[in-house]
**Student:** 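Below is the structure I would like to discuss, written out as structure tokens.
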Amino acid sequence: QVQLVESGGGLVQTGDSLRLSCTVSGRTFSRGNVGWFRQAPGKEREFVVVMKWSGVSPSYTDSVKGRFTISRDNAKNTLYLQMNSLKPEDTAVYYCAADARVVLTTSVNAYAYWGQGTQVTVSS
């Protein structure tokens, strides 16, 4: 059974940093895609950043470029999202996701496996 478990969310102030973690168990996605998505209240889930599990070709949504960084630790089978210079508009539930397909995609519907989500709240 595939499980993705996020941690690291919280309540911070504008300009602060947070690091989210996502531990993957049950299978590997060595040729697949992994990423972080978020969903703010009343809005659809949107992609934040996706990449190949190998680390190749990270793709960031424009609003987080230069502030967020995705990385992974193969030995721990863990995905990270370092978020710096946080803004109130970054407030959302953040989800990690994974999929085995080879072609990298930012589409929410293309990801078969999801974590339970972790809340990030940025106060002004």
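For this chain, numbers begin at 1 and follow the sequence in order.
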**Student:** Answer yes or no: are there more than 12 heavy-atom neighbours, outside R31 itself, under 6.0 Å from its atom CZ?
**Tutor:**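 Count not over threshold, so no.
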**Student:** Quick check for you: to the nearest 0.5 Å, what is the distance between R27 atom CZ and Q3 atom CD?
**Tutor:**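 One finds 14.5 Å between CZ of R27 and CD of Q3.
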**Student:** Is a side-chain donor or acceptor of Q116 paired with a backbone partner of E6 at a separation under 3.5 angstrom?
**Tutor:**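 A pair under 3.5 Å: yes.
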**Student:** Does the D73 side chain pair with the main chain of T78, one donor and one acceptor, at a distance under 3.5 Å?
**Tutor:**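 No, because the side chain of D73 does not come within donor-acceptor range (under 3.5 Å) of the backbone of T78.
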**Student:** Using the rule that Ile, Leu, Val, Met, Phe, Trp and Tyr join whenever any side-chain heavy atoms are under 4.5 Å apart, tell me whether I70 and V93 fall into a single cluster.
**Tutor:**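 Each belongs to a different hydrophobic cluster.
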**Student:** Measure across G55 and P58 and return the closest heavy-atom pair with its distance rounded to 0.1 Å.
**Tutor:**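 G55 and P58 have their closest heavy atoms at O-CD, 3.7 Å.
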**Student:** Would you mind telling me which of V48, N84, V49 makes a side-chain contact (heavy atoms from CB on, under 4.5 Å) with F68?
**Tutor:**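 Considering V48, N84, V49, a side-chain contact (heavy atoms from CB on, under 4.5 Å) with F68 is found only for V48.
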**Student:** Does some side-chain heavy atom of Y111 sit less than 4.5 Å from a side-chain heavy atom of V50?
**Tutor:**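 Yes, at least one pair of side-chain atoms sits under 4.5 Å.
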**Student:** If every non-hydrogen atom of V108 is compared with every non-hydrogen atom of W114, which pair is closest and at what distance?
**Tutor:**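 The answer is O-CZ2, 3.4 Å.
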**Student:** Quick one: pull up OH in Y60 and OG1 in T69 and give me the separation to the nearest 0.5 Å.
**Tutor:**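 Interatomic distance, Y60 OH to T69 OG1, rounded to 0.5 Å: 4.5 Å.
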**Student:** How long is the gap from OG on S85 to CG on D16, to the nearest 0.5 Å?
**Tutor:**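 That separation rounds to 9.5 Å.
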**Student:** Go through W36 and V64 one step at a time and tell me if the side chain to side chain contact (heavy atoms under 4.5 Å, CB included) criterion holds.
**Tutor:** CA-CA 12 Å; W36 291 92; V64 308; over 6 Å; no
**Student:** So which atom in V12 and which in S17 form the shortest heavy-atom distance, rounded to 0.1 Å?
**Tutor:**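 Shortest heavy-atom separation between V12 and S17 comes out as CG1-O, 4.4 Å.
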**Student:** Please tell me if the side chains of V120 and L20 come closer than 4.5 Å, counting only heavy atoms from C-beta onward.
**Tutor:**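 Counting from C-beta outward, V120 and L20 do come under 4.5 Å.
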**Student:** Could you tell me whether a side-chain N or O of K65 sits under 3.5 Å from a main-chain N or O of S59, the two making a donor and an acceptor?
**Tutor:**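 The answer is no, because no donor-acceptor pair under 3.5 Å joins these two groups.
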**Student:** Can any side-chain N or O of S21 pair as donor or acceptor with the backbone N or O of L79 at less than 3.5 Å?
**Tutor:**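 Side chain of S21 to backbone of L79, a donor-acceptor pair under 3.5 Å: no, none is there.
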**Student:** Quick check: are there more than 12 heavy atoms from other residues, nucleotides or ligands sitting under 6.0 Å from CD of Q13?
**Tutor:**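 Incorrect, the count does not exceed 12.
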**Student:** Test side chain to side chain contact (heavy atoms under 4.5 Å, CB included) on R38 and D90; report intermediate values, then the result.
**Tutor:** CA-CA 9 Å; R38 66 186 179 187; D90 294 319; 3.0 Å; yes
**Student:** With the side chain counted from C-beta on, respond yes when L18 and Y94 share a heavy-atom pair under 4.5 Å apart, and no when they do not.
**Tutor:**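 The answer is no; the side chains never approach within 4.5 Å.
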**Student:** Of all the heavy-atom pairs spanning A40 and A92, show the shortest one and how long it is.
**Tutor:**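 Result for this residue pair: N-CB, 3.8 Å.
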**Student:** Drop me the distance from S57's OG to N33's CG, to the nearest 0.5 angstrom.
**Tutor:**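 Going from OG on S57 over to CG on N33, the span is 9.5 Å.
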**Student:** Do L81 and V34 share a hydrophobic cluster (ILVMFWY, side-chain heavy atoms under 4.5 Å, transitive)?
**Tutor:**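 Looking at the clustering, V34 is in the same group as L81.
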**Student:** So, the side chain of R67 versus the backbone of M83: is there a donor-acceptor pair under 3.5 Å, distance only?
**Tutor:**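 Side chain of R67 to backbone of M83, a donor-acceptor pair under 3.5 Å: no, none is there.
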**Student:** Judged by atom type as modelled, is there a donor-acceptor pair below 3.5 Å linking the side chain of R72 to the main-chain atoms of W53?
**Tutor:**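 At least one qualifying donor-acceptor pair exists.
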**Student:** Pairs in or reaching into residues 98-115: which pass salt bridge (charged side-chain N to carboxylate O under 4.0 Å, His left out), with residues at least two apart or in two chains?
**Tutor:**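 Counting only pairs at least two positions apart or across chains, the salt bridge (charged side-chain N to carboxylate O under 4.0 Å, His left out) contacts touching residues 98-115 are D99-R101.
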